[in-house]
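Chain naming here is simple, since letters A, B, ... match the order of the sequence lines and numbering starts at 1 in each. None of these values were measured; they are calculated from a predicted model.
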2 protein chains.
Amino acid sequence: MKRITIYDVAKEADVSLATVSRVINDSNVVREDTRLRVQEAIKKLGYKPNAIAQGLALSKTTTVSIVMSEKLFAYNAKILNGLMDVAKIYNYNIMFHTTSKGISRMQDVIESIIKSRVDGVILFNDNFSQEEMEVLNDYQIPTVVVGSRIEDNGIETVGNVYINFEQLAYELTNRYFERGIDDISLVEDKLNMSTMQQLKAGMERAFKENGKEFTKYISYDETYKSSYAFLTEYFKTHKPSKVVVTLRDSQAIAMMNAGTEAGYTVPDDAELICVLNSKYLMMTRPNVSTYNVPEYDMGAVAMRLLTKMLVNDESVKNNNKINMSYNYMPRQTTKD
Amino acid sequence: MKRITIYDVAKEADVSLATVSRVINDSNVVREDTRLRVQEAIKKLGYKPNAIAQGLALSKTTTVSIVMSEKLFAYNAKILNGLMDVAKIYNYNIMFHTTSKGISRMQDVIESIIKSRVDGVILFNDNFSQEEMEVLNDYQIPTVVVGSRIEDNGIETVGNVYINFEQLAYELTNRYFERGIDDISLVEDKLNMSTMQQLKAGMERAFKENGKEFTKYISYDETYKSSYAFLTEYFKTHKPSKVVVTLRDSQAIAMMNAGTEAGYTVPDDAELICVLNSKYLMMTRPNVSTYNVPEYDMGAVAMRLLTKMLVNDESVKNNNKINMSYNYMPRQTTKD
DNA sequence: TTGTAGGCGTTATCAG
DNA sequence: CTGATAACGCCTACAA
């Protein structure tokens with residue numbers, strides 16, 4: 001089956017290629033009967049417009065890039081669903097890029113993004129630098145960062161859809177202060193350091209405002225295959241804090257298992273909060289307390305924001321940082 | 001920053017665009033000093049070749065499409081990692097498509113794949129029909145299906161990288177027959193019916209060969225929000241089979257929780273096997289027995305196969321169905 | 001309402 | 001070794 005082009009359709013329908021182009025693009029100047037004739041030819045030949053050629057002619061690809069860390073892939077599923085659904089609505093194609101330490105450095109990804117001439121890009125706030133964002137900016141590629149908050153650098157062509165994790169941690173900490181508890185640990189997740197930094201900052205702020213110092217940031221190196229392995233070791237010499245906060249489900253579950261096996265009970269000896277919700281937190285006994293974060297919506301909002309930026313919608317000019325709300329969802333691993 | 005083109009570079013380096021094109025494409029006919037001059041101009045101007053224009057000129061986009069069900073996204077993470085890593089090695093870009101009932105029907109996805117003029121496509125064996133694959137075939141788009149086995153239709157331009165789930169279930173069943181156990185249930189997972197069919201077929205074959213009939217295919221409709229909700233209800237009137245097989249972790253864990261709460265113990269009252277491994281199966285107590293399926297490798301192999309098909313490698317002409325091996329990994333929910 | 005011709009940014013083929 | 005020039009497939013003034 002020969003690649004069939006607009007010329008073939010034109011010949012078949014006995015019109016010029018311009019006319020074919022018009023019916024493809026829903027121009028309303030073409031007469032009804034010729035439109036029909038063209039559409040028939042299109043169907044008969046199975047013609048599909050070449051998006052590449054269209055892209056060249058229009059300097060517009062109607063595709064946007066999404067880039068995220070390979071490791072966070074499974075965790076970002078819902079955000080991605082939101083992104084994809086909205087992209088679909090606006091008829092955008094998605095170029096998908098993953099970054100990982102070894103094979104695909106962020107720099108290469110940026111390179112291919114620029115070459116692809118995508119109209120815009122969605123960046124997950126994991127592992128890119130200020131510098132890399134500036135490159136995107138230099139090439140005038142509208143960008144929105146989704147996940148955690150980005151610093152307010154002068155770059156105003158980048159949007160941001162985020163959860164204020166700093167505030168979340170601040171509030172969480174104060175809630176325990178009110179109950180007279182200040183023995184709080186935060187377990188590091190190396191997969192998303194920017195979020196960790198913000199959680200840590202929020203706790204530090206709360207402690208500082210209360211004339212105390214936050215010291216229990218639990219970090220462990222990668223010689224431990226998992227947080228479970230680490231915590232099992234850890235609990236041989238430490239007892240858990242009254243409150244343990246983790247970012248992701250696997251760390252929370254690891255904490256529960258390791259703690260339980262070390263003879264501690266949740267929530268009596270230690271309360272446990274996992275910041276990011278997942279269905280697995282309902283599968284443990286007791287169920288793990290968490291926050292409801294509107295993940296799907298974050299994706300949807302981010303993509304919608306990007307599409308607006310792409311059409312130069314005035315309404316987003318100075319209004320492209322969107323703070324998404326969250327709410328605390330106590331379950332069985334906390335006493336509140 | 002004006003979009004800078006090959007002409008700008010040519011002028012800057014005082015050569016023709018043809019020469020610039022040559023140095024971009026590593027042609028070895030260009031003299032050393034002019035190459036240097038051109039490269040300098042490229043760097044100075046920040047020029048990046050326009051992949052769209054290249055695509056038009058070459059009738060080759062060096063991008064491949066990946067399409068998977070939106071719902072299975074988190075579960076396919078490892079396969080995707082394998083796909084992405086190999087794609088990166090071969091410098092292929094990835095167009096990412098998701099299908100879901102409401103918003104994006106497979107038909108639309110196919111449409112956009114064809115328009116995009118991608119070089120090839122990777123299909124997850126979830127929710128597409130024979131017919132849709134034939135469309136891809138009509139447009140001569142090399143395709144490889146990853147996941148479970150596809151039926152041997154006449155279409156030889158489609159590769160397949162798969163786990164033989166039929167055989168897996170057959171062996172599993174026979175292993176229990178040898179122990180004198182034939183009270184075996186298989187819990188349906190609606191998200192991947194093609195895999196379910198194959199598991200079911202394998203069990204049926206084993207039963208039939210032993211003069212018995214397999215009857216305990218447990219299916220439940222979507223009025224139940226989760227398999228946990230269903231099983232909790234189910235165990236009020238049924239006792240679990242001696243052996244329960246599920247496809248995915250969440251079903252296995254649901255079975256454990258619902259069973260335990262109904263007064264049954266695993267593995268004494270019921271042994272439990274989850275076909276697809278995940279880290280969460282190690283987080284339960286007891287740990288869930290499972291199969292090791294080389295997910296990352298499946299992705300890597302699939303993408304490698306596709307790249308070979310794209311360069312018309314003879315070695316894959318009649319050798320594009322690749323059966324991946326798996327192995328049983330008993331843990332604490334089984335007695336073997 | 002329709003057709004003609006130039007342009008989008010590259011690559012490839014020929015001359016020189 | 002380098003430079004014109006014709007594709008690649010489509011869109012869009014501009015003319016008719």
Side-chain angles (χ1 to χ4, degrees), chain A residues 1-39 41-42 45-63 93 112 114-119 139-140, chain B residues 1-39 41-42 45-63 91 93 112 114-119 139:
Chain A
M1 184 176 181
K2 166 181 171 297
R3 290 284 198 216
I4 96 117
T5 76
I6 201 170
Y7 287 98
D8 302 314
V9 177
K11 194 189 297 173
E12 177 74 27
D14 198 31
V15 294
S16 79
L17 78 169
T19 301
V20 177
S21 175
R22 288 187 187 103
V23 344
I24 291 172
N25 298 294
D26 288 326
S27 161
N28 48 5
V29 300
V30 33
R31 210 198 308 139
E32 190 57 18
D33 61 323
T34 100
R35 167 195 308 287
L36 255 42
R37 204 147 31 92
V38 171
Q39 282 170 334
I42 287 177
L45 301 179
Y47 167 73
K48 309 276 184 197
N50 181 329
I52 298 301
Q54 289 178 320
L56 224 211
L58 294 173
S59 301
K60 179 171 181 325
T61 52
T62 47
T63 108
N93 290 313
S112 83
I114 294 171
K115 288 186 184 169
S116 309
R117 299 297 195 267
V118 296
D119 297 333
Y139 282 89
Q140 314 218 57
Chain B
M1 185 176 179
K2 166 182 172 298
R3 290 283 197 216
I4 97 115
T5 76
I6 202 170
Y7 286 101
D8 302 314
V9 177
K11 194 190 297 173
E12 177 74 27
D14 199 31
V15 293
S16 79
L17 79 170
T19 301
V20 178
S21 177
R22 288 188 187 102
V23 345
I24 290 172
N25 297 295
D26 289 325
S27 160
N28 48 5
V29 300
V30 35
R31 211 196 309 139
E32 189 58 17
D33 61 324
T34 100
R35 167 196 307 285
L36 255 42
R37 204 146 32 94
V38 171
Q39 281 170 334
I42 287 178
L45 300 179
Y47 167 72
K48 310 276 183 196
N50 181 330
I52 299 300
Q54 290 177 320
L56 224 212
L58 295 173
S59 301
K60 179 173 181 322
T61 52
T62 47
T63 107
N91 262 301
N93 290 314
S112 84
I114 294 170
K115 288 185 185 170
S116 308
R117 299 296 195 268
V118 298
D119 297 333
Y139 283 89

Item to complete: For residues B/I24 and B/I6, determine if any side-chain heavy atom of one lies less than 4.5 Å from a side-chain heavy atom of the other.
Response: yes
Discussion item. Check the phosphate of C/dG7 against B/Y7, side-chain N and O only, distance under 4.0 Å to OP1 or OP2. Yes or no?
Written reply: no
Worksheet item: Quick one: B/I6 CD1 to C/dA12 P, roughly how many Å, whole number?
Response: 11 Å
Worksheet item: With respect to the phosphate group of C/dG3, does any side-chain polar atom (N or O) of A/T19 fall under 4.0 Å of OP1 or OP2?
Response: yes
Discussion item. With a 4.0 Å cutoff (strictly under), does any side-chain N or O of A/Q54 reach OP1 or OP2 of D/dC11?
Written reply: yes
Worksheet, complete the sentence: Sorted by position of nearest nucleotide on DNA chain D, 5' first, the leading residue of A/A18 and B/V30 is B/V30
Discussion item. Is A/S16 close enough to C/dG3 that one of its side-chain N or O atoms is under 4.0 Å from OP1 or OP2 there?
Written reply: yes
Worksheet item: Rounded to the Å, how far apart are A/N50 CG and D/dG9 P?
Response: 7 Å
Worksheet item: For A/T34 and C/dT2, is the shortest distance between a side-chain N/O and OP1 or OP2 below 4.0 Å?
Response: yes
Item to complete: Check whether any side-chain heavy atom of A/P49 sits under 4.5 Å from a side-chain heavy atom of A/Q54, and report yes or no.
Response: yes
Discussion item. What is the separation between atom CZ on B/R117 and atom P on C/dT10, rounded to the nearest whole Å?
Written reply: 21 Å
Worksheet entry | Phosphate OP1/OP2 of C/dG9 contacted by B/R3 side-chain N/O (<4.0 Å) | no
Response to the item:
To the nearest angstrom, the NZ-P distance between A/K11 and C/dT2 comes to 20 Å
Response to the item:
Rounded to whole Å, CG of A/L56 lies from P of D/dC10 at a distance of 12 Å
Discussion item. On DNA chain C, does the nearest nucleotide to A/N28 precede the nearest nucleotide to A/L17 from the 5' side, or the other way round? Give the residue.
Written reply: A/N28
Worksheet item: How long is the gap from NZ on A/K48 to CZ on B/R117, to the nearest 0.5 Å?
Response: 10.0 Å
Practice prompt. Please state how far atom CG in A/N25 lies from atom C1' in D/dC10, giving the value in whole angstrom units.
Written response: 9 Å
Worksheet item: With a 4.0 Å cut-off on heavy atoms, is B/V29 in touch with a base, just the backbone sugar-phosphate, or nothing at all?
Response: base
Practice prompt. Using a heavy-atom cut-off of under 4.0 Å over every strand shown, decide if A/I52 touches base, sugar-phosphate, or nothing.
Written response: nothing
Fill in: Flag, side chain of B/N25 to backbone of B/S27, donor-acceptor distance under 3.5 Å
no
Discussion item. Using whole Å, what does the distance between atom P of nucleotide C/dT10 and atom NZ of B/K60 come to?
Written reply: 17 Å
Response to the item:
Contacts of B/R31 and A/T5 projected onto DNA chain D by closest heavy atom; the upstream (5') one is B/R31
Worksheet entry | Spacing between A/I114 atom CD1 and C/dG9 atom P, to the nearest angstrom | 16 Å
Discussion item. Under 4.0 Å, counting only non-hydrogen atoms across every strand here, what does A/V20 touch: a base, just sugar-phosphate, or nothing?
Written reply: nothing
Worksheet item: Does OP1 or OP2 of C/dT11 have a side-chain N or O of B/S21 closer than 4.0 Å?
Response: yes
Fill in: Among D/dC11, D/dT2, D/dG9, the nucleotide that comes nearest once only the side chain of B/R22 is considered
D/dT2
Worksheet item: Are A/L45 and A/V9 side-chain neighbours, meaning at least one heavy-atom pair lies under 4.5 Å?
Response: yes
Worksheet entry | A/V30 side chain near A/V38 side chain, heavy-atom distance below 4.5 Å | no
